[in-house]
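Every chain is numbered from 1 and lettered A, B, ... according to where its sequence line falls, protein lines coming before strand lines.
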2 protein chains.
Amino acid sequence: MTTTRRNAVREALAGCEGFRSAQDIYADLRADGSKIGLTTVYRALQALSDSGEVDVLRTDDGEAVYRACRTEEHHHHLVCRACGRTVEVGGPAVEKWADAIAAEHGFVNITHTVEVFGTCGDCAEG
Amino acid sequence: MTTTRRNAVREALAGCEGFRSAQDIYADLRADGSKIGLTTVYRALQALSDSGEVDVLRTDDGEAVYRACRTEEHHHHLVCRACGRTVEVGGPAVEKWADAIAAEHGFVNITHTVEVFGTCGDCAEG
DNA sequence: ATCGGTTTTGACAACGGTTTTCACTTTCCT
DNA sequence: AGGAAAGTGAAAACCGTTGTCAAAACCGAT
């Protein structure tokens, strides 16, 4: 597979700290002189998220935002709502809690979404 | 205030167990003979969620879904992805974990979203 | 009841993010 | 080279949601 285009998207994502929308990435690439199309950006992001290379989440207004994550392992995000800086956090605590809660109510085949939002130290001291 | 229309939406929500989209509720009300408009349903849901009477979350495809919750207190949801049945779960464990994680990285003013999806006992034994 | 005004309502249009379509190009395989 | 298969991008379609605006319901004061 060619994926020259997909690599461009991958690298655009790798170069930033927080979550970015498809249109953000499109704008970035165009600003860098790429002739990529919006459609291709969407396709690349879909492929990358299908393959687990990037994490996706939805903003409050329903927009999908993407991020290239450092680790392959299951993790969650602590996102600064001012600057978008994101740190990956993991820990058995939540996982255990989710499993326990689910078992308690007879639910099986569990998945969960956990995201934490706040203001990071740098942004807070303004 | 006591807008009859808003009450209609409130009751439509109160009568069901899981999360419903705005359009679902609109369809329900119309099916019951109401002449309510879609716009009004959206407005009512917005008002109800602003006032904290209903919880909102986003499905994977970005659609907003609403639910009338039994408790005023902060809680999370365990949702059956087959039938939509939802149980409200709470517990200091996650809250503590979120606070600790945030503090550890210097984040303040924390909020978090936690949702657990699975298959409920009834749906699993099919 | 009736008048003014405010508020609520709903058909319709507009919007924005995402997906589909489709014709064109590029790549891959032989 | 040559033909099939995959990739690409502009524009159109889609769909949930929000804005517009005129008509309708409401309400307090006559």
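- Every residue was checked against the side-chain hydrogen bond (donor to acceptor under 3.5 Å, both in side chains) condition with A/Thr40, not counting sequence neighbours, and none meets it.
- For the segment residues 40-67 of chain B, the set of residues with a heavy atom within less than 4.0 Å of an atom of DNA chain C comprises B/Thr40, B/Arg43, in numerical order.
- Closest non-hydrogen pair, A/Glu88 versus A/Arg70, comes out as OE2-N, 2.8 Å.
- Residues forming a side-chain contact (heavy atoms from CB on, under 4.5 Å) with A/Glu17 (at least two apart in sequence, or on another chain): A/Arg85.
- For A/His74 and A/His112, the ring centers sit closer than 6.0 Å to each other.
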Give me, pair by pair, the N or O atoms of the protein and of nucleotides 23-28 of chain D that are less than 3.5 Å apart, along with how far apart they are.
none

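- Applying the salt bridge (charged side-chain N to carboxylate O under 4.0 Å, His left out) test to pairs two or more places apart or on separate chains, none has a residue in residues 113-126 of chain A.
- In the model, B/Asn7 has no side-chain atom that pairs as donor or acceptor with a side-chain atom of B/Thr4 under 3.5 Å.
- When the nucleotides C/dA11, C/dT9, D/dA10 are ranked by their closest atom to the side chain of B/Thr39, C/dA11 comes out on top.
- Distance A/Leu38 CG to C/dG16 P: 14 Å, rounded to the nearest Å.
- The side-chain hydrogen bond (donor to acceptor under 3.5 Å, both in side chains) check on B/Arg20 picks up B/Asp28, with sequence neighbours excluded.
- Once rounded to the nearest 0.5 Å, the distance linking CD1 of B/Ile25 with CG of B/Leu45 reads 4.5 Å.
- Among residues two or more places apart in sequence or in another chain, the side-chain contact (heavy atoms from CB on, under 4.5 Å) test is passed with B/Thr39 by B/Arg43.
- Remark: A/Asn109 pairs with B/Arg81, B/Thr119 by the side-chain contact (heavy atoms from CB on, under 4.5 Å) rule, at least two apart or across chains.
- For A/Gln23, the side-chain hydrogen bond (donor to acceptor under 3.5 Å, both in side chains) criterion is met by A/Tyr42, not counting sequence neighbours.
- When the side-chain contact (heavy atoms from CB on, under 4.5 Å) test is applied to B/Thr86, the partners found at least two apart in sequence or on another chain are B/Phe19, B/Arg67, B/His77, B/Val79.
- The bend of the helix from C/dA1-D/dT30 to C/dT30-D/dA1, defined by the angle between the axes of its first five and last five pairs, stands at 30° to the nearest 10°.
- Side-chain N/O atoms of B/Asp61 and B/Thr59 include a donor and acceptor closer than 3.5 Å.
- For residues 22-37 of chain B, proximity to DNA chain C is found at B/Lys35, B/Ile36, B/Gly37, defined as any non-hydrogen atom under 4.0 angstrom from a strand atom.
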